[in-house]
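First comes the structure, then the notes that go with it.
Naming: A, B, ... by sequence-line order, numbering from 1 per chain.
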Amino acid sequence: MNRKDGFSQAILDWYDRNARELPWRRLGGAHPEPYHVWLSEIMLQQTTVVTVKPYFNHFISRWPQVSDLAAAELDEVLTAWAGLGYYARARNLHKCAVAVCHNYGGSFPADEAELLSLPGIGDYTAAAVSSIAFGKRAVVVDGNIERVVSRVYRIADALPQAKPVIKAHADVLTPSDRAGDYAQALMDIGSGVCTPRNPKCELCPVASFCDGFSAGDAETFPQKAPKKKKPTRKAHIFWIENGRGEVLVRRREESGLLGGMMEFPSTAWQEQAPVPDEVEALLTQIGVEGTSKPPVTTELVRHTFTHFHLELTPHVVKAGEAGGSGSNDAFWLAPDAFSTIALPTLMKKVVQSVFKGQGSLDL
DNA sequence: AAAGCGGGGCA
DNA sequence: TGCCCAGCTTT
C-alpha cells in the first residue's frame with residue numbers, strides 16, 4: 001500500500017475546483033490541440049505564463065496550423081519570438097514544425113519516445129505533450145513539480161543530483177487516468193501555492209500527505225548546490241546614423257548567445273574594458289571613419305544574462321557623406337522598421353538609451 | 001556531468 | 001540584489 005494513497009485524487013479534485021482558463025488549455029475533459037500544447041510548452045520553458053500568453057496568441061493567430069509555421073521563414077519566427085529569450089527555442093521550434101510536417105504528415109506523434117526525438121523536445125516536454133494533448137500516462141517533472149515532490153518526501157539530496165530520486169517518487173504519485181490534468185494541477189500548485197519562499201501550506205490540498213509540512217520545514221526543500229557568482233563584461237556599442245536617418249545593424253552568429261538575432265555593432269564583450277585603440281579599430285572596420293563630429297555617449301545600458309552581467313556604453317555616431325558599411329553583413333535600417341527585425345531586449349534597451357539621450361527622435 | 005543559453009517578476 | 005522559473009542542447 002502506497003503511503004501517499006489518495007494524493008493524486010486530492011490533486012485532481014483541487015484542479016476541478018481551481019483550474020484557470022488558459023489559451024492552450026481545455027477544461028472539462030476535452031483534449032486541446034497538440035499543436036497548441038506543444039507551442040505553449042516550448043514557450044513556457046523557463047518562462048512565466050504571464051509572459052507567454054501574448055506571444056502564444058500572436059503565434060496561433062499568425063500561424064494557425066503547424067504546417068503554417070513550418071512554411072514560415074526562420075527569420076520571421078525569430079522576429080515574432082524577439083523578447084521571449086532563449087532563442088535556440090525558436091530555431092528548434094521551426095525545425096520541429098518542419099519535422100512534424102515532413103515525418104508525421106503534420107500530426108504530432110502521441111508517443112513520448114517519438115516526441116523526445118524531435119528538436120527542442122526533452123524529457124519534460126515529451127511527457128507534458130503526451131499526457132496533456134493525448135491523455136497518455138507520462139511522468140511530468142518540471143521545476144515546480146520537483147519542488148512539490150522534494151517537499152512531500154523531504155528529499156535530502158541536493159539538486160541536480162536529486163533529479164533521479166525525485167523522478168522515481170513522481171512516478172509513484174502519477175495516476176493512470178487524467179495524467180495530463182494531474183501534471184497541470186501539480187504545476188499550478190507549485191507556482192501558486194507551493195512557492196519557493198513562504199509556501200501557502202494552509203491552501204494546499206495535499207498538506208496532509210506532505211512530510212515537509214508535518215516536520216514544519218517544507219520551505220527548506222529542495223536543497224540546492226551553491227551557485228557561481230556572475231562576472232561583469234563591458235563593451236562599447238555604436239548607433240551609427242547616415243544622412244537618411246538610417247542606422248547600421250547586423251546579424252549575430254547563428255549559434256551561441258542571441259544566435260541569429262540582430263544587433264548594433266559593438267566591441268567585444270569582455271571583463272576588461274576595451275581601450276580607445278580597439279574602439280577606433282572597430283569604427284574603421286565597419287567603415288565609418290572620418291566622421292565630422294565626435295560620438296555622443298548616452299546612458300549606460302545594463303543587462304543580465306544567464307551567466308554574466310553586461311554593461312554597454314552606447315555612442316551615437318554620424319557617418320560621413322560616404323557612410324558606407326564596409327563590413328560584410330551590416331546594413332542600414334530606419335528606426336521605424338526596428339519592429340520588423342529580430343531585435344532582442346538588450347538591443348531595445350540600447351535604442352531606448354539613444355532616444356533618451358537625443359530627445360529629438362521618436363519611435 | 002557540466003556549461004551555455006534571456007528575460008521578467010518577486011521578496 | 002539574488003532567486004526562480006511549465007528545460008534543452010552541446011561539450
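Between A:Q184 and A:L116, the residue anchored closer to the 5' end of DNA chain C is A:Q184, taking for each the nucleotide with the nearest heavy atom. Between A:P160 and A:H303, it is A:P160 whose nearest contact on DNA chain B lies nearer the 5' terminus. A residue-by-residue look at A:H309 and A:A126 shows that A:H309 has its nearest nucleotide of DNA chain C further toward the 5' end. Where A:K228 and A:A88 meet DNA chain B, the nucleotide closest to each residue was compared, and A:K228 sits on the side nearer the 5' end.
Listed pair A:Y87 / B:dG7 meets the phosphate criterion, a side-chain N or O lying under 4.0 Å from OP1 or OP2. Listed pair A:K227 / C:dC4 meets the phosphate criterion, a side-chain N or O lying under 4.0 Å from OP1 or OP2. Contact check, A:Q45 against C:dA6: no side-chain N or O comes under 4.0 Å of OP1 or OP2. Contact annotation: A:T125 side-chain N/O to C:dC8 OP1/OP2 distance is under 4.0 Å. Considering only side-chain N and O atoms, A:T345 lies under 4.0 angstrom from the phosphate OP1 or OP2 of B:dG7. Residue A:R89 places none of its side-chain N or O atoms closer than 4.0 Å to OP1 or OP2 of C:dT9.
Closest to the side chain of A:T306, out of C:dG7, B:dC5, C:dA6, is B:dC5. When distances run from any side-chain atom of A:Q161 to the nucleotides B:dA2, C:dA6, B:dA11, the shortest one goes to B:dA2. When distances run from any side-chain atom of A:L346 to the nucleotides B:dG6, B:dG7, C:dA6, the shortest one goes to B:dG7. Nearest to the side chain of A:P196, among B:dG7, C:dA6, C:dC4, sits C:dC4. In this structure, the nucleotide among B:dG6, C:dA6, C:dC4 sitting nearest to the side chain of A:Y124 is C:dA6. Among the nucleotides B:dC10, C:dA6, B:dG7, the one closest to the side chain of A:R197 is B:dC10.
Atom CG in A:L310 sits about 14 Å away from atom C1' in B:dG7, given to the nearest Å. The distance between atom CG of A:N144 and atom P of C:dC5, rounded to the nearest whole Å, is 6 Å. A:K163 has its NZ atom 13 Å from the C1' atom of B:dA2, to the nearest Å. Spacing between atom CG of A:L44 and atom P of C:dC8 amounts to 12 Å, rounded to whole angstrom units. Rounded to an integer number of Å, the gap from CZ of A:F56 to P of C:dA6 is 18 Å.
Of all heavy-atom pairs spanning A:I155 and A:V149, the tightest one is CD1-O, 4.2 Å. Here the shortest heavy-atom pairing between A:K349 and A:H303 reads NZ-ND1, 2.9 Å.
When heavy atoms are screened at a 4.0 angstrom cut-off, A:F305 is found touching the sugar-phosphate backbone but no base atom. A:G190 comes within contact range of no nucleotide atom at all, as no heavy-atom separation falls under 4.0 Å.
Rounded to a whole angstrom, the distance from the P atom of B:dG9 to that of C:dC8 is 23 Å. A gap of 15 Å separates the P atoms of B:dA11 and C:dA6, to the nearest Å. Nucleotides B:dG6 and C:dT11, compared at atom P, are 15 Å apart to the nearest Å. Nucleotides B:dC5 and C:dC4, compared at atom C1', are 16 Å apart to the nearest Å.
The aromatic rings of A:Y153 and A:H169 lie parallel to each other, their planes meeting at an angle below 30°, with 60° marking the opposite boundary.
Between A:F59 and A:W24, the ring centre distance reaches or exceeds 6.0 Å. Between A:W81 and A:Y55, the gap from one ring centroid to the other reaches at least 6.0 Å.
Between the side chains of A:Y124 and A:Q45, no donor N or O sits under 3.5 Å from an acceptor N or O.
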